[in-house]
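A short worksheet on the structure shown next.
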2 protein chains.
Amino acid sequence: MKTIADIAKLAGVAKSTVSRYLNGGSVSEQMKKRLEAIIEETGYTPNTFAQSLKAKKTNMIGTIVPGLDSYETSQILTGIDNELRKWNSHMLVSNTNQNLARELELIYRLAKQKVAGIILLATEITEAHLQAFQEIAIPVLLVGQQHEEVHSLVHNDEEAGYAIGKYIIEQGHRRLAFLGVSEQNIAIGINRKEGFKRAVREANGCEVHFFETGFTMKEAAEGALAVFEGYFPSALICATDDIAIGAVKAAYKKGMHVPANISVTGFGGYSITEMMNPALTTVKLHFIEAGEKAARHIIKLANGEDIPKLIYSGFEIIARESVDKRFAPG
Amino acid sequence: MKTIADIAKLAGVAKSTVSRYLNGGSVSEQMKKRLEAIIEETGYTPNTFAQSLKAKKTNMIGTIVPGLDSYETSQILTGIDNELRKWNSHMLVSNTNQNLARELELIYRLAKQKVAGIILLATEITEAHLQAFQEIAIPVLLVGQQHEEVHSLVHNDEEAGYAIGKYIIEQGHRRLAFLGVSEQNIAIGINRKEGFKRAVREANGCEVHFFETGFTMKEAAEGALAVFEGYFPSALICATDDIAIGAVKAAYKKGMHVPANISVTGFGGYSITEMMNPALTTVKLHFIEAGEKAARHIIKLANGEDIPKLIYSGFEIIARESVDKRFAPG
DNA sequence: CTGAAAGCGCTTACAG
DNA sequence: CTGAAAGCGCTTACAG
């Protein structure tokens, strides 16, 4: 392994000159050519530890995720990694396994590793988080959740909820059920629901009941069973694709056919939804693009540039087979 | 931020003594107590860059994956991360996006980052790989594929293929089809199929046809359609869960019911298989445990310990609804 | 068991 | 534009 001293010796100059060349400092044209050739020839690359020791900063971006095993997370990470590569930066992934204490610990730990920035796929932002962000003094970007005091990138959940609500109403459905999650989760528990409500308010003669369940397909299957007791919606709007998958499973268990007896919609656009029987109508969130956007923005923050506090990522309705057209009664 | 010099001053000793304490060198009991207290109190933690600069090695383990968006990869990464945490080590994830050239590039790049070891979720090992491993002189562990010259951890694909074959035959099926992938993939394309073949050989009067398709659900759906042309197996054994999902989809498109008209099995144990209609009978591979095992072994290698060249990870048959019992003809 | 000194490979004022 | 020197925070022989 060559060091900067080797290059300097080969070029017959001081190390500082080589360093200046490497970092875009003032070096004569002639010297530039000479150094460029030597570096090219020797395949020299600076030792990142020595750099980091002085500069007290790395070119790594830390990402903290609640779990590695969801479609959403995988896609977002793919996007982040895609983009970071272009910037010659690396992604350091840490998994909290849904453990809030561990999340805080990781924030401090990444700070210690001197990452240039942190992308946090957060579920909830507590006071302790805010304090941590202050202390570490490293740029942080929230993805999927928003907080007024922190840079955030979110899917436009409210708009998306509105869009799917509007779609289902346009198909003629009027007896609706919404199967969501706890309001502790702002993006999914509140915003998606609120958007849906807005669509309902704009329509005429809708009856709608709201239900709550967990995030796993299993919990959702049970949650859906509860929906079907006593109330018979013609359409069930689910707050995530996993919930919709559980709901479809529950419907079949009850002997109901989708969409003949009940229409079901998801939220997310997981690839599996296309392969279900029937294929699921859902709101596709652009996860990969969101990850790429997040990467671009955290790099800007790391470079001291300014970015908007709140950034939106796109979505689209994917109409497939799980929703029937109804002719609205009266 | 405290440095080792601060601690030394507070303790009234030389930096070397503190360093020795930190690294388990010989220090008097009394001194140990004193330093322990001071370090505890100040919350001092060594600067990893300075350590790495000297030691020329980090506590990071690099992982190279072909994509972030498969269930298998997510689970394995979860296992690796779980275990690494216990060793106070970090996981650096790099995604090749199925690009072989990029895979090689990443191996060198991780070496430059001085990772303590590399876990490679490989698809194929070429001469260029072997050469790279030599050059970087960093321990490498293959996961999911094996190569005689490299430490490898694999699912016992042959045994698992045998087990699912045996299971399906025990259920009375004799007209079989196997929907696999290219033999370029040794673990999935060859070993699973060979295990299955062994089960068939041991049984009586089986008719079996072999087919090949791609890894995506979409390709598999097309591949399955090809199976159904002209041959009518009572059971279709698929080399992965994704292939089975595609096959089920294709069967429904053809108006066939699973398992009434055709039994289908998967391979992998993806969580979604439980939620399908019908729930898929499959071979569950213990991905998380495999990841944990991989992490333990790469750490051993990084510490210069010896480990077996080839390590196996477990599996189990999960019997669910997609396979019917048949009474074997004659 | 403990300490002084050199060195890991860079960067960064400061002179010239 | 260029160079000599100090320093980033550690570790590691070498003495004592």
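We name chains A, B, ... by the order of the sequence lines, and we start the count at 1 in each one. Source: prediction; values computed, not measured.
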Using modelled atom types only, decide if a donor and an acceptor are shared between the side chain of A/Thr17 and the backbone of A/Val13 within a distance under 3.5 Å.
no
Scan B/Ile298, B/Leu121, B/Thr63 and name whichever one has a side-chain contact (heavy atoms from CB on, under 4.5 Å) with B/Val143.
B/Leu121
Just by modelled atom types, is the B/Phe49 backbone N or O under 3.5 Å from a matching donor or acceptor in the B/Asn47 side chain?
yes
Can a side-chain donor-acceptor contact be found between B/Asn99 and B/Glu105 if the only test is distance below 3.5 angstrom?
no
Looking at B/Glu29 and B/Lys32, does any basic side-chain N land under 4.0 Å from a carboxylate oxygen?
yes
Below 4.0 angstrom, N of the basic side chain to O of the carboxylate: do A/Glu83 and A/Lys86 qualify?
yes
Tell me every residue that passes side-chain contact (heavy atoms from CB on, under 4.5 Å) with A/Glu135, counting only those two or more places apart in sequence or in another chain.
A/Tyr108, A/Gln131
Pairs of donor and acceptor atoms involving the side chains of residues 286-295 of chain B, under 3.5 Å and at least two apart or interchain, shall be tabulated with distances.
unit_1, atom_1, unit_2, atom_2, d
B/His286, NE2, B/Glu316, OE2, 2.9
B/Lys293, NZ, B/Tyr312, O, 2.9

Any residue of residues 26-42 of chain A with a heavy atom less than 4.0 Å from an atom of DNA chain D:
A/Ser26, A/Val27, A/Ser28, A/Met31
For DNA chain D, the dot-bracket pattern of Watson-Crick and G-U pairs whose distances stay under 3.5 Å, | for other-strand partners
|||.||||||||.|||
Protein-proximity profile, nucleotides 8-16 of chain C, B/S/- by nucleotide at the 4.0 Å heavy-atom cutoff, equals BBBBB----
Could you work out, with side-chain contact (heavy atoms from CB on, under 4.5 Å) as the rule, every residue matching B/Glu127, not counting sequence neighbours?
B/Leu130
Given 3.5 Å as the limit, does a donor-acceptor pair link the side chain of B/Thr42 with the main chain of B/Ile38, or not?
yes
